[in-house]
There are 2 protein chains.
Amino acid sequence: MDEIIERIEKELRESGKKSSRTRRKVIEVFFSCGGHLSVEDLYREVKQRYPDIGYVTVYRTLKVLEELGYATSLDVGDGSTRFETALRQHHDHLICTVCGRIYEFFEPEIEVLQNLVARKNDFRILDHTLHIFGICKECQK
Amino acid sequence: MDEIIERIEKELRESGKKSSRTRRKVIEVFFSCGGHLSVEDLYREVKQRYPDIGYVTVYRTLKVLEELGYATSLDVGDGSTRFETALRQHHDHLICTVCGRIYEFFEPEIEVLQNLVARKNDFRILDHTLHIFGICKECQK
DNA sequence: GATTAAATTGAAATTCTTTTTCAGAATAGT
DNA sequence: ACTATTCTGAAAAAGAATTTCAATTTAATC
């Protein structure tokens with residue numbers, strides 16, 4: 001956990017940026033939360049522990065993390081952009097339209113087929129998002 | 001083409017709404033354009049032929065079409081929501097991040113695998129979106 | 001054709017999220 | 001310590017989606 005933050009701070013310094021206490025705190029909270037947070041969500045979490053940190057700093061920190069590849073933004077269709085840590089393996093999402101919960105899955109065969117489709121269309125894949133919307137186990141009860 | 005509009009107008013009337021000349025014009029333009037249009041895009045198209053029609057009407061007409069299932073909204077990550085006609089078979093998208101062009105594809109095996117994933121997770125699928133971002137054939141040259 | 005109730009329209013205003021601006025504070029390098 | 005640059009927070013701006021409201025249009029009835 002600390003190693004990751006160290007690595008990020010190092011990368012920041014190497015790219016001519018400064019490593020600030022404030023940003024470090026935001027990064028800490030982000031990685032400790034885990035989930036699929038909107039800027040607003042993370043801001044609320046940060047505010048609890050560090051009341052002096054402002055919304056814009058949280059917003060900018062997420063942008064920085066995204067640029068460095070440590071966070072990924074994802075649009076679940078609820079109006080606000082969510083961010084998740086990009087430390088784990090690539091995965092796709094099952095999004096419950098009732099409770100809003102987001103589940104993750106990884107299906108290698110789908111990945112393979114996507115590459116196939118891309119090749120057929122002479123398309124060079126940079127990224128992809130697969131969102132399956134529906135009703136989760138809990139909400140079906 | 002006219003049949004479709006007739007059908008839509010009929011459905012509208014049946015659900016207690018009125019069929020107006022203005023909305024009909026917007027619907028005509030929408031179906032004649034085809035593509036993946038933002039509200040703004042369609043508004044511009046409509047404005048050319050019918051200068052008196054306002055933005056809000058275009059916006060609301062797209063909403064109505066979406067409710068009835070004749071249009072589908074899609075988020076390609078460029079900040080504005082796109083709408084496409086929902087008359088053709090379901091398909092997914094290849095989105096060129098260079099030129100913004102959107103290509104469509106349908107891969108039955110991916111659909112099957114998605115159902116499999118859903119079943120494994122006791123998830124009842126309502127909808128899904130698969131967007132592959134990358135560089136299209138044209139832009140690779 | 002006139003009458004009436006309800007839906008539709010366009011412009012403006014509002015909401016909500018994302019992004020920029022700017023002056024002051026913090027940081028890194030000398 | 002000194003200086004240049006980055007970072008921060010608040011406020012403002014930008015941008016898209018949505019609502020409000022008075023005037024108009026439409027559908028149904030007389």
Side-chain angles (χ1 to χ4, degrees), chain A residues 5-6 8-30 36-44 46-47 49-68 71-83 100, chain B residues 5-6 8-30 36-44 46-47 49-68 71-83 100:
Chain A
I5 295 177
E6 282 306 333
I8 294 171
E9 299 266 277
K10 185 161 163 269
E11 276 189 43
L12 284 171
R13 260 175 275 124
E14 281 170 359
S15 66
K17 299 195 188 296
K18 306 191 172 180
S19 61
S20 77
R21 301 158 188 289
T22 309
R23 187 155 52 199
R24 191 187 174 98
K25 288 173 190 164
V26 176
I27 296 176
E28 269 173 21
V29 175
F30 177 61
H36 306 86
L37 306 167
S38 66
V39 178
E40 192 61 38
D41 291 337
L42 182 56
Y43 173 58
R44 224 174 298 123
V46 167
K47 203 74 183 175
R49 293 201 232 168
Y50 310 105
D52 291 342
I53 298 180
Y55 175 91
V56 188
T57 298
V58 173
Y59 166 78
R60 277 188 284 226
T61 302
L62 282 171
K63 284 286 178 192
V64 167
L65 288 178
E66 194 182 14
E67 272 170 40
L68 294 182
T72 312
S73 64
L74 95 132
D75 193 307
V76 297
D78 74 337
S80 67
T81 304
R82 308 301 188 90
F83 290 84
Chain B
I5 296 176
E6 282 306 334
I8 294 172
E9 300 265 278
K10 184 161 163 272
E11 276 189 43
L12 283 172
R13 259 176 277 123
E14 283 171 356
S15 66
K17 299 195 188 295
K18 308 192 168 179
S19 61
S20 77
R21 302 158 187 289
T22 309
R23 188 156 48 198
R24 192 188 175 95
K25 287 172 189 164
V26 176
I27 295 175
E28 270 173 23
V29 175
F30 177 60
H36 307 86
L37 307 168
S38 66
V39 178
E40 191 61 37
D41 291 338
L42 182 56
Y43 173 60
R44 225 177 294 124
V46 167
K47 204 74 185 175
R49 294 200 231 168
Y50 310 106
D52 291 341
I53 298 180
Y55 175 91
V56 188
T57 299
V58 173
Y59 166 77
R60 277 188 284 226
T61 302
L62 283 171
K63 281 286 177 193
V64 169
L65 288 177
E66 193 181 14
E67 272 168 40
L68 294 180
T72 311
S73 65
L74 96 132
D75 193 307
V76 298
D78 75 338
S80 67
T81 304
R82 307 302 189 89
F83 289 85

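Lettering of chains follows the sequences in order, A, B, ..., and the numbering in each one begins at 1.
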Query raised in the report: Which residue, B/Y55 or B/R23, contacts DNA chain C at a nucleotide closer to its 5' end, judged by nearest heavy atom?
Result: B/R23
Nearest 0.5 angstrom please: [X] [atom1] to [Y] [atom2], how far?
X	Y	atom1	atom2	value
A/T61	A/E28	OG1	CD	12.0 Å
A/L37	A/T81	CG	OG1	12.5 Å
A/R23	A/E9	CZ	CD	7.0 Å

Contacts of type side chain to side chain donor-acceptor pair (under 3.5 Å), residue [X], not counting sequence neighbours:
X	answer
A/K47	A/Y43
A/S80	none
B/S38	B/D41

Take atom [atom1] of [X] and atom [atom2] of [N], then tell me their distance rounded to the nearest Å.
X	N	atom1	atom2	result
B/Y50	D/dT25	OH	P	17 Å
A/L62	D/dT8	CG	C1'	15 Å
B/E40	D/dT18	CD	P	15 Å
B/L42	D/dA17	CG	C1'	16 Å
B/Y59	D/dA16	OH	C1'	9 Å
B/R82	D/dA17	CZ	P	11 Å
A/R24	D/dT8	CZ	C1'	18 Å

Do you know the tightest heavy-atom contact between [X] and [Y]?
X	Y	value
B/R13	B/S19	NE-OG, 3.5 Å
A/E66	A/S73	OE2-OG, 2.8 Å
B/F83	B/F30	O-CE1, 3.9 Å

List, one per line, each side-chain donor-acceptor pair under 3.5 Å for residues 49-60 of chain B, sequence neighbours excluded.
unit_1 : atom_1 : unit_2 : atom_2 : d
B/R49  : NH2    : B/S32  : OG     : 2.9

Taking salt bridge (Lys or Arg N to Asp or Glu O under 4.0 Å) as the definition, give me every residue that meets it alongside [X], ordered by chain and number, with sequence neighbours left out.
X	value
A/D75	none
A/E6	A/R24
A/E14	A/K10
B/D78	B/R82

Query raised in the report: Is there a side-chain polar atom (N or O) of B/R60 under 4.0 Å from OP1 or OP2 of D/dT18?
Result: no
Considering only nitrogen or oxygen atoms on both sides, find all protein atoms under 3.5 Å from nucleotides 26-30 of chain D and state each distance.
unit_1 : atom_1 : unit_2 : atom_2 : d
D/dT26 : OP1    : B/R21  : NE     : 2.8
D/dT26 : O2     : B/K18  : NZ     : 2.6
D/dA27 : OP1    : B/S19  : O      : 3.4
D/dA27 : OP1    : B/S19  : OG     : 3.2

Query raised in the report: Bend angle of the helix from C/dG1-D/dC30 to C/dT30-D/dA1 from five-pair axes at both ends, rounded to 10°?
Result: 30°
Report task. Under 4.0 Å from any heavy atom of chain A: name the first and the last nucleotide of DNA chain C that qualifies, 5' to 3'. Result -> C/dT17 to C/dA28
Query raised in the report: Is there a residue in residues 71-80 of chain B whose heavy atoms reach under 4.0 Å of DNA chain C, and which residues are they?
Result: none
